[in-house]
Amino acid sequence: MPLKVVILAAGKGTRMKSSMPKVLHRIAHKPMVEHVVDAASSLGAQKTVLVVGHGADQVRATVTREVDYVEQTEQLGTGHAVQQALPLLDPDDTVLVAYGDVPLTKPETFKQLIDDVTDSNIALLTVILNDPTGYGRIVRNAAGEVQAIVEQKDASEEQLKITEGNTGILAARASALNELLGRIDNNNAQGEFYLTDIFELAVSQGMTITTHQPEHEWETAGVNSRLQMAELERIYQLSQADKLMTAGVTLRDPARIDVRGNLTVGQDSIIDVNCVFEGDVTIGENVSIGPNCSISNATIADGTVIKANTVIEESSVGESCTIGPFARLRPGAELAEQAHIGNFVEIKKSTISKGSKVNHLSYVGDSTVGENVNIGAGTITCNYDGANKHQTIIEDGVFIGSCTQLVAPVTVGKNAVIGAGSTITREVAADQLAFTRAPLKTVENWPRPKKNK
Ligand code: UD1
Ligand code: CA
């Protein structure tokens, strides 16, 4: 039966104290609701329906995957919310109900429920809690069969002692949901149409309820406050750290790494504390990353050493390079193997070929740098004339003296040498020495200024 996923995301999230709807707040830099949408997609859902209400336009504008939307203009309860999605479903569909503010449920956990659904069975995710306060309680008969769910506010003394709580996550046939939701009312303590009321109705007409529990309690944790969101962020990050360590990566402290995207790291690489990885980052084997590095959308090949406080964005780094400390690779930096980029060096949209070095205090932008080039400290490619960007080409074996300005467009030919402190405004041919330098003047017995009294 085709799988369709309904995600409830209409709530405001008053306790977030935010102008943004709750489900758009982020875990690992991804809106919470998108974690759920991604899980639905990994389950092969044929359709995902977001039930939106508060901040509906913002949700529509933010979610990137192709999903359907239904608007629940008044939040009359979870049962009412699911009902809004039913017109978009076919009776034969298997429907998974999930929540935009419960971001970390694993697809495997959802899958267990989906697999249980038949025309006469509903599958429910429950959780045993030390403190079930606030949760709907799972009422079972002597034989252990689910009979009903009672909400906290409607529960008797006896029922409040039940420690098995309702996560709200369930899977059922669309036809069953349609029929059962058509019969619920709002005669309860909160005056809401409870989704949970379908269970008692289902049982009374001979249907069965199967239950599963998640592997981890946090899979069912919802976010109502920024504190709870921060707690889930740490749980998520720790699980990312676990995955990396299992794959053979050393983390100096698994509590001090942040992965906000897809990070792949090869065996025997070492990551020091406080590194942040964003977007798609692929790191090879035996790579060493120092503390406080920020790396986004980049590939780093085997054996490279990245020292402390380096920032890398949209760049690729070859094997056995050395980068940093305090280096910045901006979009379009492409380093071949054994390149060295040192402290306070910025590289943008430039190719640095094998074995070339830019070790100190330099800016290289819109440039092609050949092999075994040495760029001296304080060298600047003047790539911008105030209106347009221009290219600098530095061929193999060139030596550029310290504090050189290369005014683009300009080419320095193979094995040429530039004297320190030069401003190069036209082509330097292969094997030439070029320098621009005012003659050295001296004044004898120069009277040094004296400090005023
Ligand atoms: C619900 C369950 C409860 C369960 C708990 C788990 C019901 C009646 N109760 O209670 O058994 O233990 O979740 O957290 O289902 N929402 C809408 N539209 C609405 C109402 C809610 O989109 O009209 C969304 C909310 O934004 C929220 C989610 O559904 O994301 C749950 O709603 P909430 O009112 O928080 O339910 P609880 O009272 O926590
Ligand atoms: Ca809730």
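One-based numbering, in listed order, for ligands and for the atoms of each. Any value given below was found using the heavy atoms of this structure, including those in side chains, with hydrogens, waters and symmetry copies removed.
For a threshold of 3.5 Å applied to N or O pairs, the pair formed by Thr78 and ligand 1 contains at least one separation below that value. Looking at ligand 1, you won't find any N or O of Val51 less than 3.5 Å from one of its N or O atoms. Residue Asp101 has at least one N or O atom closer than 3.5 Å to an N or O atom of ligand 1. Remark: ligand 1 and Gln72 share an N or O pair separated by less than 3.5 Å (distance only, no angle test). Looking at ligand 1, you'll find an N or O of Gly136 within less than 3.5 Å of one of its N or O atoms. Geometrically, ligand 1 and Asn166 share a nitrogen or oxygen pair separated by less than 3.5 Å. Distances between N or O atoms of Glu151 and those of ligand 1 include at least one value under 3.5 Å.
Under a 3.5 Å cut-off, the side chain of Ser367 and the backbone N or O of Gly365 do form a donor-acceptor pair. Distance alone, capped at 3.5 Å, places no donor-acceptor pair between the Asn274 side chain and the Pro291 backbone. Panel note: side chain Arg226, backbone Met16; a donor-acceptor pair is recorded below 3.5 Å.
Of the N and O atoms on the side chains of Arg140 and Thr211, at least one donor lies less than 3.5 Å from an acceptor on the other residue. Looking at His212 and Asp116, their side chains do bring a donor and an acceptor atom within 3.5 Å of each other. Between the side chains of Asn383 and Thr381, no donor N or O sits under 3.5 Å from an acceptor N or O.
For ligand 1, the atoms lying closer than 4.0 Å to a non-hydrogen atom of Tyr194 are 8 (C). Per-residue contacts place Tyr135 under 4.0 angstrom from the following atoms of ligand 1 (heavy atoms of the residue considered): 12 (O).
For atom 20 (C) of ligand 1, the choice among Gly134, Gly77, Ala10 with the nearest heavy atom turns out to be Gly77.
By the criterion of a heavy-atom distance under 4.0 Å, neither the backbone nor the side chain of Val23 is placed next to ligand 1. Under 4.0 Å from ligand 1, the heavy atoms of Tyr99 that appear belong solely to its side chain.
Nearest heavy atom pair, residue Ala241 against residue Ile257, reads CB-CG2, 4.0 Å.
Using a cutoff of 4.0 Å between basic side-chain nitrogens and carboxylate oxygens, Arg234 and Asp258 are scored as salt-bridged.
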